[in-house]
Amino acid sequence: MIPRLVEARHLGGFRVWLRFKDGLEGEIDLTHEIWGEVFEPLEDVAEFAKLKADPELHTLVWPSGADFAPEWLWEQVKAAKAGRDAAE
C-alpha cells in the first residue's frame with residue numbers, strides 16, 4: 001500500500017509536519033534532502049514554505065515541481081517518531 005499524505009504544514013526552516021491517511025503524523029527536518037537541480041529553488045526558505053499536500057499525488061509538493069515520494073516521507077516520519085518515543 002502506498003501511503004497517502006493528507007496534510008502538511010511548514011514549521012520553519014526546512015522542518016515540516018505531516019499527517020498520513022493511516023493516522024501516522026509527525027515532524028521531520030528536510031535540511032539535508034534539499035540538494036540537486038530539482039530542489040535548488042527550495043534552498044530559499046520562502047520558496048520551501050510554499051509546500052502543500054497534493055490531493056491527487058498524495059505527497060508533499062512545491063509550485064516549482066519538486067516533490068518527495070510518499071513512501072519515503074512516511075518512513076522518515078515513522079523513524080523520527082520512533083526516535084522521539086525511544087528518547088522519552
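In this chain, residues are counted from 1 in sequence order. Values below: every heavy atom of this structure, side chains too, minus hydrogens, waters and symmetry copies.
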Chemist: Is there side-chain contact between Val6 and Phe20, with heavy atoms separated by less than 4.5 Å?
Modeler: no
Chemist: In the hydrophobic clustering (ILVMFWY, side-chain contacts below 4.5 Å, transitive), which residues join Val61, or is it alone?
Modeler: Leu57
Chemist: So, taking the atom named CH2 in Trp35 and the one named CD in Glu43, what distance separates them when rounded to the nearest 0.5 Å?
Modeler: 11.5 Å
Chemist: For the atom pair OG1 (Thr59) and CG (Leu5), what is the distance rounded to the nearest 0.5 Å?
Modeler: 6.0 Å
Chemist: Would you name the heavy atoms of Glu37 and Pro41 that are closest together and state the gap between them?
Modeler: O-CD, 3.9 Å
Chemist: For the residue pair Leu51 and Val16, establish whether any side-chain heavy-atom pair is separated by less than 4.5 Å.
Modeler: yes
Chemist: Nearest 0.5 angstrom please: His10 NE2 to Leu30 CG, how far?
Modeler: 9.5 Å
Chemist: Under 3.5 Å, sequence neighbours excluded: what are the donor-acceptor pairs made by side chains of residues 64-80?
Modeler:
| unit_1 | atom_1 | unit_2 | atom_2 | d |
| --- | --- | --- | --- | --- |
| Trp74 | NE1 | Asp22 | OD2 | 2.9 |

Chemist: Would you say Val45 and Leu11 are hydrophobically clustered, going by side-chain heavy atoms of ILVMFWY under 4.5 Å?
Modeler: no
Chemist: Any chance you could measure Arg9, atom CZ, to Leu18, atom CG, to the nearest 0.5 Å?
Modeler: 10.0 Å
Chemist: When rounded to the nearest 0.5 angstrom, what is the spacing between CD in Glu7 and CH2 in Trp17?
Modeler: 4.0 Å
Chemist: Got a second to check how far Leu42's CG is from Glu47's CD, nearest 0.5 Å?
Modeler: 7.5 Å
